[in-house]
Amino acid sequence: MSLKNLLTERLSQAFAAVAGEPVDPVVRRSRHADFQAEGALALAHRLGRPPREIAAEVLDRAVLTDLCSAVQVSGPGFVNLTVAGGLLDAQLCGMAADARLGAAPAGRPETVLVDYSGPNVAKEMHVGHLRSTIIGDATVRLLDWLGHRVIRANHLGDWGTPFGMLIEHLRDLGESSAAHELSIGDLDSFYKGARVKFDADEAFRQRARQRVVALQGGDPETLRLWRLLVAESESYFLAVYDRLGVVLTRQDFVGESYYNELLGPVTDELDRLDLLTDSGDAACVFPAGFLGRDDEPLPLIVRKRDGGYGYPATDLAAIRYRLQDLGATRLLYVVGLPQRQHFEMVYAVARQAGWLRPPARAEHIGFGLVLGPDGRKLASRAGDSVKLVSLLDEAVGRAGALARQKNPDLDPATVAEVARAVGIGAVKYADLSNDRSRDYVFDWDRMLALNGNTAPYLQYAHARIQSIFRRAGGTPASGGPTGSAPAGDSISVTEPAERALALELLNFGAVIGIVEQNLEFHRLAGHLHAVAVAFNGFFEHCPVLRADREVRNSRLALCDLTARVLRQGLYLLGIAAPNRM
RNA sequence: GCGCCCGUAGCUCAGCGGAUAGAGCAGCUGCCUUCUAAGCAGUUGGCCGCAGGUUCGAAUCCUGCCGGGCGCACCA
């Protein structure tokens, strides 16, 4: 049990005795002690007694001698709690012996579907896909680690009218040269080539339209060409994901086209349920509570006037499939904030149709924009969106230059490895360390800085620990992302810097539990940063290798535990922790 | 017009009901014969957009303004 819970439990009993009813002691971390209990303040009004008097009586009745080395009433009525060293030691040892580092596995594992990344076939991946891919990846890693059954859903844009134009362009170029252009990742010029012809050439436009009809009609040759486009794009996306270090695989690609045959049946079902309204020849659902301009009810257009289906229909088919066929009880849509209303409407319809029922729920994991230094949406000098691969190349390039400059002793292979870990890690961390719902400013110098709340700072703390173990003449017991339990040396913290580090480390499990619920990864990032800060303080003030044997072993164990927390935390964010840098 | 997100130090951001609002950068000061100074320690800097309200207590909750961004029927 966590320190906070232990303290809460004991204090609850004392508070209940004083108040004559259950009271939350409200235990929090404190600047004035290790923890503080604030419950007396809230109680004062109800009991009509001064809060300090209540706090004093609570302390009188509370059994805390085995948990705290000092307790004190302070300020207007806070109870300040200093955790006993022995308790810290025991907690640290327990944590060190736990492969999960004190993070509770899911109490009730469920099937979670995460919809993220979602690039468009035959189009370049750009910064617009960055956040969804990174946040989705972290979501998948965390929930999977906690023992949930996680289904990764990469909802590719692989269907729709643009494919008429793209397939015709493919035929014009010839399959082999088109495939070549696509396989080298030059999707931009392929798409633009098609676009230019479509805009300028009436004959091409005609062919494109007919091709759309053929595609929707299931013409075998058209489908073959379409599959070629999709397959080439998928290969390209996989290369980008590999570079990014994202766990998406080809099996996770379930594009919009997958739902084509479900569109009719879903529409029929909505009709049977009497949810469908004919509105100007379009088949619409009007979920309650959604109003558009001029206060008219806002429709979700299931079938367009021309008989075609748009993305609302696909999203409805997908949500039904995910709930009914895949059995997901938690649906996470990692999609930009602007689409908030659209998804709220989809969920509302799914609820009205009876598909989305508790305990199943759907959540929009929305996020803001990536801004350039000018405070506007990040764009290239030419004004168009920045290719994701060029962004990653630059990240690795900059990190490599920094690595060579800061640590000239590294051999080229290590530099390459460090450059990748640091460069890609910096980009991901810059994203995940900010509140999802806000826009954030993309700034190379800041995200690659060794100071502050950055990936390199955390990675550096980890590398310093590994350096200690190299010099100690042995490798730390832990190796993988989760690691195994260390040698079993007992930990004993005495110095203030050790205590500060211990208190941060012991917070890991609670933070994981919170992020499991709200998927606010900046809280995990903030925790890891606090751990790294505490470690660097410890590193400065508490020699490890020069200490006497007993202290040395204890500190080595503390170092290993710190490394494991950093490594596991970074792993959950999708970031590598190199052993040297 | 309606709805959503956001206004915290010069800059980039935490904090989202509790004690004197915290980091990093930028500025100023110290610390490398000692486990990676890619570090540490110190210091300067804030009517928490404005105004009401709720509360023993508000940056945090409610209401109304002001400012910025984004959505709101057949493109995804």
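Residue numbers start from 1 in every chain, and the chains themselves are labelled A, B, ... in the order their sequence lines are given, proteins ahead of strands.
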Taking only the side-chain nitrogens and oxygens of [X], find out if one of them lies under 4.0 Å from OP1 or OP2 of [N].
X: A/R552; N: B/rC35; result: no
X: A/Y309; N: B/rC74; result: no
X: A/H522; N: B/rG15; result: yes
X: A/N451; N: B/rC25; result: yes
X: A/R464; N: B/rA38; result: no

Would you mind calling B/rC65 syn or anti? Take O4'-C1'-N9-C4 for purines or O4'-C1'-N1-C2 for pyrimidines, and syn is within 90° of 0. anti
Look at all strands and tell whether [X] reaches a base, only sugar-phosphate, or nothing, counting heavy atoms closer than 4.0 Å.
X: A/R523; value: sugar-phosphate
X: A/A42; value: base
X: A/R580; value: base

Side-chain donor/acceptor pairs under 3.5 Å, residues 42-52 of chain A, sequence neighbours excluded:
{"from": "A/R46", "atom 1": "NH1", "to": "A/E21", "atom 2": "OE2", "distance (Å)": "2.0"}
{"from": "A/R49", "atom 1": "NE", "to": "A/E53", "atom 2": "OE2", "distance (Å)": "3.2"}
{"from": "A/R49", "atom 1": "NH1", "to": "A/E57", "atom 2": "OE1", "distance (Å)": "3.1"}
{"from": "A/R49", "atom 1": "NH2", "to": "A/E53", "atom 2": "OE2", "distance (Å)": "3.1"}
{"from": "A/R49", "atom 1": "NH2", "to": "A/E57", "atom 2": "OE1", "distance (Å)": "2.7"}
{"from": "A/R52", "atom 1": "NH1", "to": "A/G75", "atom 2": "O", "distance (Å)": "2.6"}

Please give the nucleotide sitting opposite [N] as a Watson-Crick or G-U wobble pair, both distances under 3.5 Å, or none.
N: B/rA14; value: none
N: B/rG7; value: B/rC66
N: B/rG1; value: B/rC72

Nucleotide by nucleotide, 5' to 3', does protein get under 4.0 Å of the base (B), only the sugar-phosphate (S), or neither (-) in nucleotides 57-63 of chain B, counting heavy atoms? -------
When you compare the ring of A/F78 with the six-membered ring of B/rG18's base, are the centres less than 5.5 Å apart and the planes under 30° from each other? no
